[in-house]
Amino acid sequence: MVQAKTWILTKHFEGFPKDSNFKLKVEELPEPKDGEVLLEAVFVSVDPYMRTFSKFSMKEGDVMIGAQVAKVIQSNNPSFSVGTHVVASCGWRTHTVCDGTGLFPVTPDWPQDVSLSLALGAIGMPGLTALYGIEEVLGLQKGETLLVNAAAGAVGSVVGQIAKIKGCKVVGSAGSDAKVAYVKELGFDKVFNYKTVGSLEEALKKASPEGYDCYFDNVGGPFSAVALQQMKNFGRIAVCGSISVYNDTTPQTGPYPYLTMIFKQIKMEGFLQSRWEHKHPESLKRLMGWLKEGKLKSREHMTKGFENMPAAFMGMLKGENTGKAVVAI
């Protein structure tokens, strides 16, 4: 019998998450039956979406949602041999018995010098989110100007790099001087610290006086209300996240930008990367190709120890991470 450690949601979040929202439990797992496998977590992801999705997709007492890179340590399923690695939506748990449904094998040609944790980051869901937001939603074209906020995060950092690969001008915002320095290292044309600029409107105008063709929004809230006014005619906005409102206890209100959207004929579209799941294999190959060519760089904020899952999650929501936040088990 294998014991699995799990983190459960004891109470739905009200405002910013607290330690009391989580409880560490241990459960005995049965032996895998025919067609089943036993997985052992290697890396577990913490992502902003968990804060808001938990409200709609979880009950109190459920294991916290999330993805992990896991190793197959027992197998009665011919599709998954012992020793192989998979990306699995098992949540915050060290071990899982499952029938193989929803498991995505890490490609056998994964380079030995690339950490498997990147399958949760630039060569995983965040990278796919960046790619599809740029190509499928925005239709970004060479020579255009793109604005992306949370530019030092798991998604934003990839967004800017892909835009540069496509020959675009990229403006990014981040929440600390250290993050600004990192984003500049990635090759963004202009970067500013939104927390220290006197006027966000002036900072956006200074970075791109002619305005913005495309805006990849990870933040929402007041930032986006200001950014929308800087869009060019026929501008396009990809709404990926709204982390500025995830922990609000009272919904934010206004301003309401509909006249600007009408007169400038702006297109705004929300999206989830799962819409293009049929493209994932080829898209992951493209992302890995850029990584191996040195065109795509990735930084991780690694926390060690399954017992630190809640702290890693809350730290990520506070913006303590530069790049992808991951927990090494």
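Along the sequence shown, the residues carry numbers beginning at 1.
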With rounding to the nearest 0.5 Å, note down the distance linking [atom1] in [X] to [atom2] in [Y].
X    : Y    : atom1 : atom2 : result
S283 : H278 : OG    : NE2   : 8.5 Å
H301 : N321 : NE2   : CG    : 6.0 Å
Y194 : K179 : OH    : NZ    : 7.5 Å
T6   : K25  : OG1   : NZ    : 6.5 Å
R286 : I123 : CZ    : CD1   : 12.0 Å
D217 : S244 : CG    : OG    : 8.0 Å

Evaluate I243 against R51 for side chain to side chain contact (heavy atoms under 4.5 Å, CB included), listing each step before the verdict.
CA-CA 9 Å; I243 196 170; R51 170 61 183 83; over 6 Å; no
I'd like to know if [Y] and [X] are part of one continuous hydrophobic network [Ile/Leu/Val/Met/Phe/Trp/Tyr, side-chain heavy atoms within less than 4.5 Å].
X    : Y    : answer
F223 : V148 : no
M64  : V44  : yes
L291 : V183 : yes
V159 : F271 : yes
L39  : L116 : no

Shortest non-hydrogen contact between [X] and [Y], atoms and distance:
X    : Y    : result
P32  : Q74  : CD-OE1, 3.5 Å
A163 : I134 : N-CD1, 4.0 Å
S75  : V82  : N-CG2, 3.9 Å
G305 : V327 : O-CG1, 3.5 Å
F80  : T84  : C-OG1, 4.3 Å
E307 : P310 : O-CD, 4.0 Å

Are the side chain of [X] and the backbone of [Y] linked by a donor-acceptor contact shorter than 3.5 Å?
X    : Y    : value
S242 : V245 : no
K324 : V46  : yes
N21  : K11  : yes
Q161 : L186 : no
T94  : K5   : yes
H12  : M58  : yes
D189 : V170 : yes
R236 : L138 : yes
W92  : F306 : no
Q141 : G139 : yes

May I ask you to check whether over 12 heavy atoms, not counting those of [X], lie within 6.0 Å of atom [atom1]?
X    : atom1 : value
E28  : CD    : yes
K190 : NZ    : no
K232 : NZ    : yes
K184 : NZ    : no

Report yes if some heavy atom in the side chain of [X] is under 4.5 Å from a heavy atom in the side chain of [Y]; otherwise report no.
X    : Y    : result
F216 : V137 : no
N76  : E36  : no
F16  : K318 : yes
M288 : W110 : yes
Q229 : L204 : no
K205 : S199 : no
M261 : L228 : yes
M268 : M231 : no

Test log, rule side chain to side chain contact (heavy atoms under 4.5 Å, CB included), inputs L9 and D62:
CA-CA 6 Å; L9 180 71; D62 286 351; 5.7 Å; no
So that I can tick it off, tell me whether [Y] and [X] are bridged by a salt bridge, with the cut-off set at under 4.0 angstrom between side-chain N and carboxylate O.
X    : Y    : value
E135 : K279 : no
E136 : R275 : no
K33  : D99  : no

Side chain to side chain contact (heavy atoms under 4.5 Å, CB included) with T129: which of V158, N218, V155, L272?
V155
Which residue in the set V106, L131, L128, T107 passes side chain to side chain contact (heavy atoms under 4.5 Å, CB included) when paired with L284?
L128
No-hydrogen, no-angle side-chain donor-acceptor test under 3.5 Å, N308 and T303:
no
Please work out which of the three classes, parallel, tilted or perpendicular, describes the rings of [Y] and [X], given edges at 30° and 60°.
X    : Y    : value
Y132 : H280 : parallel
F53  : Y49  : perpendicular
F13  : F22  : tilted

From CA spacing to verdict: side chain to side chain contact (heavy atoms under 4.5 Å, CB included), Q273, M125:
CA-CA 7 Å; Q273 51 83 26; M125 181 273 288; 3.6 Å; yes
For a side chain to side chain contact (heavy atoms under 4.5 Å, CB included) check, start with the C-alpha distance between L29 and R93, then their side-chain angles and the critical distance, and finish with the verdict.
CA-CA 12 Å; L29 294 181; R93 52 189 305 127; 3.7 Å; yes
